[in-house]
Amino acid sequence: MEKRMLFPQVGGFLHGGDYNPEQWLDRPDILEEDIRLMKKAGINSATLGVFSWSVYEPTEGDFHFEWLEEIMDKLYENGIYTILATPSGARPAWLDAAYPEAMRVSSRNVRDHHGGRHNHCMSSPKYREKVTIIDRKLAERFGKHPGLLMWHISNELGGECYCPICAKRFQDYLADKFDHDIQKLNHAWWTTFWSHRYNSFDQIEPPFDHGERSIMGLDLEWKRFTTWSMNDFMKTEIAVLKEVTPQIPVTTNFMELYYELDYRKMAGELDVISWDSYPGFHNDREALEETMLRTAFHHAVMRSMKREKPFMLMESTPSLVNWQPFNKLKRPGVHKLASLQAVASGSDTVQYFQWRKGRGSSEQFHGAVVGHDGTENTRVFREVSEVGTLLKKIAPVAGSLVKAEAALLFDWDNRWAVNDASALSNETKRYDNTCINIWQEFRKLGVEMDVVPSDADLSQYRVVVAPMLYMLQPETADNLKAFVQDGGQLLATYFTGYVDSDQLCYLGGFPGDGLTELFGIVSEEIDTLYPTDRNHIRFEDGTEWEVKDYAEVLQVKDAHVLASYMEDFYQGTAAVTCKEFPTDDKCGRAYYVAARSSADQMRSLFLKMLQDAGLSVKELPPSVDYSTRIGEDGIYDFYMNYGTSPVKVSGVAGTDLITGGSVQGELELETYGVAVIKH
Ligand code: GLA
Ligand code: ZN
């Protein structure tokens, strides 16, 4: 397999993070010391300029980049590359004073005052103009700098704007989408309900908190529009950078499963996917292992957006954050674990927010590699340096890829639709968690699983799981049918195929769009259980699963019944079914699990699917996480121990890149230990 190095000039992993020298321009001694400390910690990249606008352009039209040039030069002379951000994440005071339209309007129709960050209007022509001017200047001045690795567009793009300019663009967006035919929109949005028909597109307002909140189609299109509008803003930034510096890749830093933006729609504009990971380590709700496995899911979501290349961990904290309800320190060794888990999941970078703690303002107590003491004599500095050393040891892994033959379908549209539906119970819908829990169960079996949208091409997968796929995209049902007919093993659950992509219910039985035939069942009713209610289902072999939250009552058409309910008025009726699609050499299967059971109870069914698909599983001790990257000169297996005592993993063979030793049979992992085995 060809190596897909993100940055061939670096020759390995990037290790770095956000660096804010503009806060220290009056302290040349500190800037000098930063370089010494960065080299000591094995840092080879710095993300500059994320919030530098008021230093670049202290008053309108008066530009100062000389300080940046000096810093980029010095970094580069010392082997440290630059990721340069565009400064649009926060605006200088003069800009908001001169052009108030740049300030965002909230869902209560109130315009923000100047301040904060990540709060510009995405549509404001004036703001776009000002951003374009400064982006062009940055590109012209630094585009050929040998230290420049990539552009970092803005920062953590997010939020919504309800201003008159955005509202008008929303109307135009809708007119386009519905062919300028308001009756098409009225039909798609079912507006005759409560007499909410529109006569023209200019009557449509965004879903203000104190406005229209009863039309599901409006809510959904507003979310889609907000993604479209943010993407459109991002594209104006990318356009000017690509015009001046076509050779420099672009990214923007995503935020986990950020609810308000469908990141997949933005991914196509980016050369590389990057994201900011801040798990709540050592919280009072869960074991570290659970925190880590949820983070592994987030990595998989990012990785799956561009499977053909590594992604980037753009930000993580070297120690603690300052914005959790309780800002706990990462325990010794956990920084290494979290950093290498990102690498194991396909990241070619480990980067931090932030290099040095600021003296004042709201992030003064956020963790950093260098604290207010300003020295290398700290636990955090030593742990970061250890990661620097490890990344050098495992450098051959850079450019390799994670390859999955199983996939979980997870959609932003579906998230929005499930949450917005006035149905089930808002306390227990938990679409995200349902997906994450199932994905984790596969991960515990050592199976790599992509996380892809429901209309993705499934032909490269042999196992597909589609939890709670309430909304079907136009292509989804056909994709799923083709997948099973081609021998794939598919599993869907309760609350599948109720609505189309406008959120109109399918007529003729759920799951709609022909999926009743695929699964051989019709879901007649769905029962929402109170949190203390339980039911059970029993399989032919006597296995029982506990049911909570949701139970659908099925009519079985031509599927095999694998398990039935044990209680309530639907006792004895089908709860888990399978319809087979045999061909000469293979047999596709469509499983339907009509009730919610915990993912660990479903494990036996997952094992059967994997076995039928010919995918192998691994026997791993409970605290050990496993992930594998495939490179041109070897396969790299990562074993990570999230437990607080040492463990042994059997069946391991190869060379440990970290110790340099050979492992034949049994691998010993210390508490929070990591091994990278090449074979
Ligand atoms: C985000 C931002 C950073 C910083 C960190 C703090 O990721 O991008 O600028 O505020 O949060 O955790
Ligand atoms: Zn706006």
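Atoms within each ligand, like the ligands themselves, are counted from 1 in listed order.
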Vertex the Zn ion (ligand 2), ends Cys121/SG and Cys161/SG: angle to nearest 10° comes to 120°
Considering all heavy atoms of both residues, which atom of Ala342 and which atom of Phe311 are nearest to each other, and what is their separation? O-CZ, 3.9 Å
At less than 4.0 angstrom from any non-hydrogen atom of Phe51, what atoms of ligand 1 do you find? 9 (O)
Ile238 side, atom CD1; Met266 side, atom CE - distance, nearest 0.5 Å: 8.0 Å
In terms of its nearest heavy atom to atom 4 (C) of ligand 1, the top option of His366, Gln354, Glu363 is Glu363
Under a plain distance cut-off of 3.5 Å, with no hydrogens placed, do Gln341 and Tyr642 share a side-chain donor-acceptor pair? yes
Which atom pair, heavy atoms only, marks the closest approach of Tyr263 to Glu256? CE1-O, 3.6 Å
If the Zn ion (ligand 2) is the vertex, what is the angle to SG of Cys166 and SG of Cys163, rounded to 10 degrees? 110°
Per-atom contacts, ligand 1 versus Trp323 - under 4.0 Å to a heavy atom: 6 (C), 12 (O)
Provide the number and element of each atom of ligand 1 under 4.0 Å from a heavy atom of Glu156. 1 (C), 2 (C), 7 (O), 8 (O)
So, Asp276 and Asn253: side-chain donor and acceptor under 3.5 Å apart, yes or no? yes
Can you report which non-hydrogen protein atom sits closest to atom 9 (O) of ligand 1, along with the distance? Arg117 NH1, 2.9 Å
Between His335 and Tyr352, does the ring centroid distance fall short of 6.0 Å? yes
Among all protein heavy atoms, pick out the one at the shortest distance from atom 7 (O) of ligand 1; state its residue, atom name and that distance to 0.1 Å. Glu315 OE1, 2.4 Å
Numbered in order shown, the ligand 1 atoms found under 4.0 Å of a heavy atom of Asn155 are 2 (C), 8 (O), 9 (O)
Please verify the inter-ring angle class for Trp94 with Trp53; under 30° counts as parallel, over 60° as perpendicular, anything in between as tilted. perpendicular
